[in-house]
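Please read the structure below before turning to the comments.
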Amino acid sequence: MSISSQSDLVSAEISPHEFSQLWRASRRESLGRAWYKFSRNPLSLIGAGTVLFVIILAVFAPYIAPYPEHVKPFTDFANASNPPSSSHWFGTDEIGRDILSRIIFGYRFSLTMGLVVLSIVVPVGVFLGLVAGYFQHTWFDTIIMRITDIFLAVPPLILALSVASILERNLLNSMLAVCLTWWPWYTRLVYGITTGLRNEFFVTSAEITGASKFHILFREILPNCISPVFTKMSLDMGWVIIIGASLSFVGLGVQPPNPDLGTMVAAGRRYLPDEWWMSVFPALAIVLVVLGFNLFGDGLRDLFAAENS
Amino acid sequence: MSVIFLAKRLVHSVFVLLGLSIVIFLIARIVPGDPVRLAVGARAPQWVVDNMREHMHLNEPLHIQYGYWLRDALQGDFGISLVTRRGVAKDIREFLPATFELALYSLFISVTGALSFGIISARYKDRWADNVIRIFSYLGVVTPSFVFAIIFLLIFAFVLDWLPAIGRLSNGLTLPPRVTGMVTIDALLIGDFNVFWDAFKHIIMPALSLAMGSMAQEARITRASMADNLTKDYIASARALGVSESLVMRRFLLKPSLIPTVSILGLDFAAGMGNAFLVELIFNWPGLSRYGMNAMLSKDLNAISAVILTFGVVFVVVNICVDIVVGQLDPRIRLSTAKGD
């Protein structure tokens, strides 16, 4: 919404109904403009397309995968270790399962990992960052930010590996382990934004007019964190998928015979170099999804940067 | 670099590490299963279990247990490893140099690579060299290091047969006498070039796998900040005064453009330490990360705690070093902290 349209509203003294109509129209317009800008960058479009492609593969896996029965306990030794061919595009593994089908189903685990982890760490991290930032220089701030420092003092993969290693080995626990390492980044991010905003004019005006702390935190400050948080979420989908694949690569995540990309790379590693397709294709599948989320996230970042300038 | 700044940073780090030790202690205590049974085995008689429980202070309240644990840890006593059946501290001393050697090579590769590619990219902005570098650095950022490890293994060890696939030294060669614990350096110290060359060939692939991600990331950042600074007035005025383009690059542009690159180095190093757990496992590199990874896979709690704490200390030290270097590069930071925050 531009400033000129606001002053037009004031001078014309229009009714509240017309105002809301105008507001919605301008909102539609700015969304349209955002999409236009986003679509001007071919890389962002490729990223968005890749993300969409992977999501469709994961959701409709049973209908898309050529051999959906190969993700369940299944053996076909007559067709074991076949190189890529027209019937098995990415070849078969050591017990005859179709690699392509297992990759398509494997995306389900990758996306689940990313979605579940982010839907836990983002609310937690953002809330802690908001509170610590708004109540800066109080014991609230001190406790939250010192705990954040502690969790950031270990490389995330090492912390995730060690937590996952002492729990029972399954997808749920590996997600728990990644959650434990990931929230501090959002706390840091939102803390930085909040401390920068808490003395801004719109916050002090809200305080003076007697707005509740809840209102100030969630209605005044939080909307300013949305775009950086969204950008970070899109980029983090890729990183969380990598961490999840790393955990299952060493056997601390999704357990066989479930088709996880990391597990497949690890299993195929034993058959290098002759049966290279068993590990190389799942590995490239990981790169593809991470690349998609990164291009998409970079597109979002450029977009928000352009909006703000 | 002001002393006050460094002192503050050190005190803060000590508190962070203390906090980390509490977190590690708590994580190690919430493990499902009896630590005593894990330590003495399932068939030990009851009196052995009771004695061990007494010996490990497990009958005391939690905060007292932590006190004992911390006291021992500060004296370098992390208990016995369940896997190697030796003192964990001894294991760490044995395995740390190999990881340190790997980190040095990987750091060297990533920094020199990133600077060269970043500078070429900025110098020939939007030309073909820049575009090629940008595509590859983007791919480098999104590819996990264990994928690089597998691809390098396939290409350089199996297809081309240029480099040895696993380990630190070929069979038949004897390790040089241990001085630094880093085989390539120890071999040079006694002048054994044969061993040096063999060890060097062994370290290339793991170091390269670890370096790729941070090299790509830092190349991107170097390019971006150089391109950003190229539009600054002081560059225009230097050019207007007739300073040659290469001199502009070296004298005026490089130093301020390095600040973001160095700042990100701490984070990249952390990522590298984590990735080393997988890369050392793949290349069977006898370092601390592989030791930690094996400890994790066999739930060896004493070793896990000690390894995490060691990497925590290393990370804290690296971050302080990064701050010092950034302070040296950027007079604004140096001056503002000199005044005491």
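Convention: sequence-line order gives letters A, B, ...; per-chain numbering from 1. These values consider heavy atoms only, across backbone and side chains, with no hydrogens, waters or symmetry-generated copies.
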Chain B contacts: which residues in residues 172-181 of chain A have a non-hydrogen atom closer than 4.5 Å to it?
-> none
For chain B, find its close neighbours in residues 140-156 of chain A: heavy-atom separation under 4.5 Å, sorted by number, or none.
-> A:Arg146, A:Asp149, A:Ile150, A:Phe151, A:Leu152, A:Ala153, A:Val154, A:Pro155
With a 4.5 angstrom heavy-atom cut-off, is it the side chain or the backbone of [X] that approaches chain A, or both, or neither?
| X | result |
| --- | --- |
| B:Asn275 | both |
| B:Ile27 | both |
| B:Leu18 | neither |
| B:Ile304 | side chain |
| B:Ile282 | both |
| B:Val313 | neither |
| B:Val23 | side chain |

Worked verdict on B:Leu278 versus A:Leu157 for side chain to side chain contact (heavy atoms under 4.5 Å, CB included) = CA-CA 10 Å; B:Leu278 275 64; A:Leu157 186 55; 4.2 Å; yes
Report the option among A:Leu295, A:Leu159, A:Val163 that has the most heavy-atom pairs separated by less than 4.5 Å from atoms of chain B.
-> A:Leu295
Between A:Val265, A:Leu43, A:Ile243, which shows the greatest number of heavy-atom pairs under 4.5 Å with chain B?
-> A:Val265
Can you tell me if [atom1] on [X] sees more than 12 non-hydrogen neighbours from other groups inside 6.0 Å?
| X | atom1 | result |
| --- | --- | --- |
| A:Phe38 | CZ | yes |
| B:Phe136 | CZ | no |
| B:Phe15 | CZ | no |

Passes side chain to side chain contact (heavy atoms under 4.5 Å, CB included), A:Asp298 versus B:Tyr138? Steps please.
-> CA-CA 11 Å; A:Asp298 279 352; B:Tyr138 210 100; 2.6 Å; yes
Residue, of B:Leu297, B:Leu281, B:Val147, B:Val141, that accumulates the most heavy atom pairs under 4.5 Å with chain A =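 Highest number of heavy-atom pairs under 4.5 Å: B:Leu297.
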Under the ring pair (Phe, Tyr, Trp, His ring centres under 6.0 Å) rule, what pairs show up with a residue in residues 294-316 of chain B, not counting sequence neighbours?
->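 Every ring pair (Phe, Tyr, Trp, His ring centres under 6.0 Å) pair that includes a residue of residues 294-316 of chain B, provided the two are not neighbours, is B:Phe277-B:Phe311.
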Could you pull out the closest heavy-atom pair between B:Ile150 and A:Arg269, with the gap in Å?
->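 So the two residues come closest at CD1-CD, 4.0 Å.
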Check side chain to side chain donor-acceptor pair (under 3.5 Å) between B:Arg290 and all other residues, then give those that pass, not counting sequence neighbours.
->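 Residues passing side chain to side chain donor-acceptor pair (under 3.5 Å) with B:Arg290: B:Asn284.
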Decide side chain to side chain contact (heavy atoms under 4.5 Å, CB included) for A:Leu252 and B:Met293; before the verdict, give the C-alpha distance in whole Å, the side-chain angles of both, and the deciding distance to 0.1 Å.
-> CA-CA 11 Å; A:Leu252 295 175; B:Met293 198 65 249; 4.1 Å; yes
First locate atom CD1 of B:Ile308, then atom CD1 of A:Ile158, and finally report the distance between them rounded to the nearest 0.5 Å.
-> 8.0 Å
Nearest-0.5 Å distance, CH2 of residue A:Trp276 to CD1 of residue B:Ile151 =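 So the gap between those two atoms works out to 11.5 Å.
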Pick one of side chain, backbone, both or neither for [X], based on which atoms fall under 4.5 Å of a heavy atom in chain B.
| X | answer |
| --- | --- |
| A:Val280 | side chain |
| A:Ser162 | both |
| A:Ala245 | both |

Are any non-hydrogen side-chain atoms of B:Pro144 and A:Val290 less than 4.5 angstrom apart?
-> no
Derivation and outcome, side chain to side chain contact (heavy atoms under 4.5 Å, CB included), residues A:Ile286 and B:Phe146 = CA-CA 11 Å; A:Ile286 299 173; B:Phe146 71 90; 4.0 Å; yes
